Amino acid sequence: MAEESAIMEVDGGIMEGGGQILRISTALSCLLGIQTRVVRIRAGRSTPGLRPQHLSGLVTVRDLCAGQLENAEIGSTEVTFTPGKIKGGALTADTKTAGSVCLLLQVSLPCVLFAESPSELIFKGGTNAEMAPQIDYTTMVFKPIAEKFSFKLDCDIRRRGYYPRGGGEILVRVAPVKYLNPINLTDRGTITKIYGRAFVAGVLPYKMVKDMTSAAVRCIRRELRDLYVNIQAVQESGDKAVGNGSGIIIVAETSTGCLFAGSALGKRGVSADRVGAEAAEILLRNLHHGGCVDEYLQDQLIIFMALADGVSLLRTGPLTLHTQTAIHFAEQMTKVIAAYFYVSDLCGKELQIEGLLYK
C-alpha cells in the first residue's frame with residue numbers, strides 16, 4: 001500500500017466526536033502505512049481524552065503491527081501512531097474495566113484481515129456494555145453480514161462480563177485474506193424469521209427474563225402478527241458470567257439474508273418489561289425505514305467497503321452520524337469516494353463506495 005510519508009493529522013473532535021474516530025483512523029493508519037496524529041480526542045464527550053478502553057484499542061493495534069505510540073495515556077487528547085508491518089499471531093488485550101470487547105474487535109479486525117499470518121486474539125472486558133454493540137449483536141448480526149466480504153470470523157464467547165466489573169472474555173480467530181469482495185445489499189426481501197436471546201446473570205431473578213421476553217413479543221405482535229417470535233431465555237451460569245447483568249436482543253431475518261436487530265440492557269430503576277419493549281421498539285423502527293441494514297450496522301461496514309476490490313452497494317435508512325463520520329474519515333484517509341442518494345419510495349438511502357484494492 002502507500003509508503004509512509006508526511007504525518008496525517010486527524011481531528012478527533014468533529015462530527016461524532018468520540019472513540020469511533022480514533023478506531024477508524026488507527027485501523028486505516030495501520031493498514032495504509034500512514035503515520036497519523038489524532039488531535040482533540042473525544043472532544044465531543046463529557047470526559048474528553050483517552051479512556052482505558054480506547055487506550056487498550058490503540059495498544060492492541062500497535063502490538064499487532066509492531067508500531068509506535070506517542071503520548072498514549074489515560075486522559076490524553078492527542079496521540080501519534082506510527083505503524084509497522086502487520087504480523088498477526090497471538091495477542092491478548094484487557095481493558096481492565098467493563099469497556100467493550102466488541103470495540104476492541106472493531107479496531108483490530110480490519111488490520112488482522114491483512115496480516116502476514118493467522119491471528120488469535122483474546123479480548124477481556126465487558127461483553128454486554130452500554131454505548132457499544134452487545135457481543136450477541138456482533139455474533140448474530142455483524143458476523144454473518146461482514147463475512148459477505150469473503151472472510152471468516154471465528155468468535156468464541158468464553159465468559160460474559162457486565163458493568164461495572166467487566167471480566168468478560170472472547171477468543172477471536174481470523175485467517176488473513178488477499179482481498180475483500182465488494183458487497184451488494186440492496187434487496188431487502190421479506191421478513192421470514194424473528195428470534196433472539198434474553199438473559200440474566202448473577203443474583204438477578206429468572207423472572208426478569210420472562211418479563212423481558214413477554215413484553216418484547218407483545219410489542220412485536222402488534223405489527224407482525226403472522227410471525228412466530230422465538231426468543232431464547234437464559235440464566236447465565238456462574239462459571240460463564242462475571243457479575244450481575246440482564247438484557248435482550250431480537251433479530252429479524254429476511255428472505256434475502258438481511259439482518260436487523262434491537263437490543264437493550266437492564267438498568268437500575270428500569271423494569272424488565274420496559275427493557276424488553278425497548279428492544280422490540282428499536283427493531284421495529286429499523287424495519288420501517290426500508291433499508292437492508294439497521295442503524296447500528298451501517299457504520300461498522302464502511303471501512304470494509306472502503307477496502308474492498310470494487311463497488312459496494314448498501315441500501316440503508318437515514319444515515320446516522322456515526323455512519324457519516326466513518327464515511328468522512330474513510331474518504332480522507334483512503335481517497336475513496338462515497339456516493340449516496342435517496343431511494344424515494346423507501347424513504348432511505350443507497351450508499352455506494354468504490355473501494356481501493358488492498359494488497
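We number each residue from 1, following the sequence as shown. As the structure is a prediction and not an experimental result, all values here were calculated from the model. Just so you know, these numbers use all the heavy atoms, side chains as well, and skip hydrogens, waters and symmetry mates.
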Without hydrogens or angle criteria, can the side chains of Tyr195 and Gln232 be said to hold a donor-acceptor pair below 3.5 Å? no
For a side chain to side chain contact (heavy atoms under 4.5 Å, CB included) check, start with the C-alpha distance between Asp154 and Val174, then their side-chain angles and the critical distance, and finish with the verdict. CA-CA 6 Å; Asp154 182 12; Val174 179; over 6 Å; no
Without hydrogens or angle criteria, can the side chains of Thr323 and Gln298 be said to hold a donor-acceptor pair below 3.5 Å? yes
Any luck finding a side-chain donor-acceptor pair between Gln35 and Thr82 under 3.5 Å? yes
CD1-CG distance between Ile183 and Leu313, expressed to the nearest 0.5 angstrom: 9.0 Å
Step by step, would you call Ser237 with Asp239 a side-chain hydrogen bond (donor to acceptor under 3.5 Å, both in side chains)? CA-CA 6 Å; Ser237 61; Asp239 61 331; 2.6 Å; yes
Hydrogens and angles aside, do Asn71 and Ser76 bring a side-chain donor and acceptor to less than 3.5 Å of each other? yes
Give a yes or no on whether a salt bridge exists between Lys267 and Glu130, defined as a side-chain N under 4.0 angstrom from a carboxylate O. yes
Do Ile231 and Met140 sit in one hydrophobic cluster, given that two such residues count as connected whenever their side-chain heavy atoms are within less than 4.5 Å of each other, even indirectly? no
Any chance the rings of Tyr206 and Phe199 have centres within less than 6.0 Å? no
Quick check against the 3.5 Å criterion: does Thr256 have a side-chain atom that pairs as donor or acceptor with the backbone of Asp187? yes
When Leu69, Val79, Val61, Val10 are each screened for side-chain contact (heavy atoms from CB on, under 4.5 Å) with Thr26, the one that passes is Val61
Between Lys143 and Glu147 (salt bridge meaning N to carboxylate O under 4.0 Å), is one present in this structure? yes
Please confirm whether the backbone N or O of Leu284 pairs with a side-chain atom of Glu223, one donor and one acceptor, at under 3.5 Å? no
Spell out, as yes or no, whether a donor-acceptor pair under 3.5 Å connects the side chain of Thr139 to the backbone of Ile135. yes
Strictly distance-based, threshold 3.5 Å: is any side-chain N or O of Gln20 a donor or acceptor partner for the main-chain N or O of His322? yes
Can you tell me how far the CD1 atom of Ile122 sits from the CD atom of Glu120, to the nearest 0.5 Å? 6.5 Å
Could you walk me through whether Phe81 and Leu58 pass the side chain to side chain contact (heavy atoms under 4.5 Å, CB included) test, one step at a time? CA-CA 8 Å; Phe81 175 54; Leu58 286 173; 5.6 Å; no
Begin with the C-alpha distance, continue with both residues' side-chain angles, and end with the deciding distance and a verdict on salt bridge (Lys or Arg N to Asp or Glu O under 4.0 Å) for Arg45 and Glu16. CA-CA 9 Å; Arg45 297 295 182 263; Glu16 182 267 339; 2.3 Å; yes
So Asp136 and Arg160, salt bridge (Lys or Arg N to Asp or Glu O under 4.0 Å) or not? Walk me through it. CA-CA 11 Å; Asp136 308 280; Arg160 291 172 181 266; 2.8 Å; yes
Using modelled atom types only, decide if a donor and an acceptor are shared between the side chain of Thr77 and the backbone of Gly49 within a distance under 3.5 Å. no
Shortest non-hydrogen separation from Val107 to Ala27 and the atoms involved: O-CB, 3.7 Å
Check against salt bridge (Lys or Arg N to Asp or Glu O under 4.0 Å), Arg197 and Glu236: CA-CA 12 Å; Arg197 184 181 194 274; Glu236 302 286 10; 2.8 Å; yes
State, without any angle test, whether Asp294 and Tyr137 hold a side-chain donor-acceptor pair at a distance under 3.5 Å. yes
Is it true that Glu9 and Arg40 have a side-chain N and a carboxylate O under 4.0 angstrom from each other? no
Taking every non-hydrogen atom, the tightest pair across Ala330 and Ala306: CB-CB, 4.1 Å
Kindly give the heavy-atom pair with the smallest separation between Ile248 and Ala216, and that separation in Å. CD1-CB, 3.9 Å
Given 3.5 Å as the limit, does a donor-acceptor pair link the side chain of Arg42 with the main chain of Thr47, or not? yes
Check: Thr190 main-chain N/O paired with Ser255 side-chain donor or acceptor under 3.5 Å: yes
Taking Thr127 for the side chain and Gly161 for the main chain, is one N or O donor matched with an acceptor at less than 3.5 Å? yes
Let me see the working for Asn244 and Tyr162 under side chain to side chain contact (heavy atoms under 4.5 Å, CB included), right down to the final yes or no. CA-CA 7 Å; Asn244 303 320; Tyr162 314 106; over 6 Å; no
Closest approach of Ser108 and Leu64, non-hydrogen atoms and distance? CB-CD1, 4.1 Å
Cation-pi, Phe260 ring and Arg285 (6.0 angstrom, 45 degrees): no
Same cluster (ILVMFWY, side-chain, under 4.5 Å), Ile24 and Leu32: yes
Before accepting this row, confirm whether a basic side-chain N of the pair Lys240/Glu169 lies closer than 4.0 Å to the acidic partner's carboxylate O. no
Please walk me through it: do Ser271 and Asp211 pass side chain to side chain contact (heavy atoms under 4.5 Å, CB included)? CA-CA 9 Å; Ser271 71; Asp211 291 345; over 6 Å; no
For Ser29 and Met333, which heavy atoms make the closest approach, and how far apart are they? N-CE, 3.7 Å
Look at the side chain of Thr36 and the backbone N and O of Ile34, then say whether any donor-acceptor pair between them is shorter than 3.5 Å. yes
Around atom CZ of Arg165, are there more than 12 heavy atoms from other residues, nucleotides or ligands closer than 6.0 Å? no
